[in-house]
Chemist: 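This structure is in structure tokens; I'll ask about it shortly.
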Amino acid sequence: MKNVIFIAPPAAGKGTISEYLTKNHHYIHLSTGDLLRNEIKKGTNIGSEIKDIMTEGKFIPDHIILPLFEKEIMKIKDKPFILDGIPRKVNQADYLSDLFKKVGILDYIVIHLDVSPEVLEQRICGRRVCKNCGSSYNIFFETFKPQRENICDQCSGELIKRDDDNIETYKLRYEDYCKKTEPLIRYYQEKGLLKIIDANRKTAEIINDIEYVIGSD
Ligand SMILES: [Zn+2]
């Protein structure tokens, strides 16, 4: 099975898909957020260096993030992996491509989850989370709606809208994402590694296409 690099806007469904691939196809999910949070939790030198950068939501410098991923990739190089949150820039993509060559990782693709801004907006604004058990719903999508309005199907808890599910914040993040990833998408397209997946559809359909491009069926 092919290794996967994800390029996707926030709320495109990357989390759900990664979880599926981890469970069903034994992928190792390497996400920037998880790796960094882990360093902070372990109280390493890197951890203390990045703590403030992360709380301020700033970009983690290359000299920290790249070796961190390199270390993890060296550990798992025989298993299929998903890179999530990296690369963000062309120089990082170059770094990874050299690293892969060095350690003999030849088979990888870049999956771009393509979602329209309208669908993303509905996913953000329609999201409701159970105050009690954390189950999540979406009032704009039939399959994700709770059975009773504002009440959790699992535990009858109250459903709330999270503060960060706010369209203004999201729009800023989305614009920033588009600006930054455009050169990256071009980079992988030129290398012939880019697979564009229409992620405006149902999760099952998206996963079906992804299983096809990773070569699992
Ligand atoms: Zn609940």
Chemist: Transitively linked via ILVMFWY side-chain contacts under 4.5 Å: V213 with I207?
Modeler: yes

Chemist: Linking I/L/V/M/F/W/Y whenever their side-chain heavy atoms sit closer than 4.5 Å, directly or via other members, would L36 and I76 fall into one cluster?
Modeler: yes

Chemist: Going only through I, L, V, M, F, W and Y residues with side-chain contacts under 4.5 Å, is there a path from F59 to L96?
Modeler: no

Chemist: Checking the side chain of Y170 only, and the main-chain atoms of P10 only, is there a donor and an acceptor separated by less than 3.5 Å?
Modeler: yes

Chemist: Please determine which of K202, R201, K195 meets the salt bridge (charged side-chain N to carboxylate O under 4.0 Å, His left out) test together with D209.
Modeler: R201

Chemist: Strictly by modelled atom types, are E121 and Y174 linked by a side-chain donor-acceptor pair under 3.5 Å?
Modeler: no

Chemist: Examine Y108 together with F100 and report whether their ring centres are nearer than 6.0 Å.
Modeler: yes

Chemist: In terms of heavy-atom contacts, does CD of E149 have more than 12 from other residues, nucleotides or ligands at under 6.0 Å?
Modeler: no

Chemist: So, E211 and H25: side-chain donor and acceptor under 3.5 Å apart, yes or no?
Modeler: yes

Chemist: Same cluster or not: I17 versus Y212, using hydrophobic residues (I, L, V, M, F, W, Y) connected whenever any side-chain heavy atoms lie under 4.5 Å apart?
Modeler: yes

Chemist: Is it possible for you to say whether I40 and L35 belong to one hydrophobic cluster, with membership spreading through side-chain heavy-atom contacts below 4.5 Å?
Modeler: yes

Chemist: Going by atom types alone, do Y27 and E19 pair a side-chain donor with an acceptor below 3.5 Å?
Modeler: no

Chemist: Look at atom NZ of K51 and say whether more than 12 heavy atoms of other residues, nucleotides or ligands are closer to it than 6.0 Å.
Modeler: no

Chemist: Between the side chains of D94 and Y187, is a donor N or O closer than 3.5 angstrom to an acceptor N or O?
Modeler: yes

Chemist: Is there a side-chain contact between P61 and I50, using heavy atoms and a 4.5 Å cut-off?
Modeler: no

Chemist: Taking the side chain as C-beta and beyond, is there a heavy-atom pair between Q92 and I65 under 4.5 Å?
Modeler: yes

Chemist: Could you check if a side-chain atom of D84 sits within less than 4.5 angstrom of a side-chain atom of T32, using non-hydrogen atoms only?
Modeler: no

Chemist: Looking at side-chain heavy atoms only, is the closest gap between H29 and K14 below 4.5 Å?
Modeler: no

Chemist: Are there over 12 heavy-atom neighbours, none belonging to D98, within less than 6.0 Å of that residue's CG?
Modeler: yes

Chemist: Whether the E39 and T44 side chains hold a donor-acceptor pair (N or O, under 3.5 Å, no angle test) is what I'd like checked.
Modeler: yes

Chemist: Considering only heavy atoms from C-beta outward, does the side chain of I7 approach that of Y177 to under 4.5 Å?
Modeler: yes

Chemist: Will you find, in the side chains of D62 and N91, an N or O donor that is under 3.5 Å from an N or O acceptor?
Modeler: yes

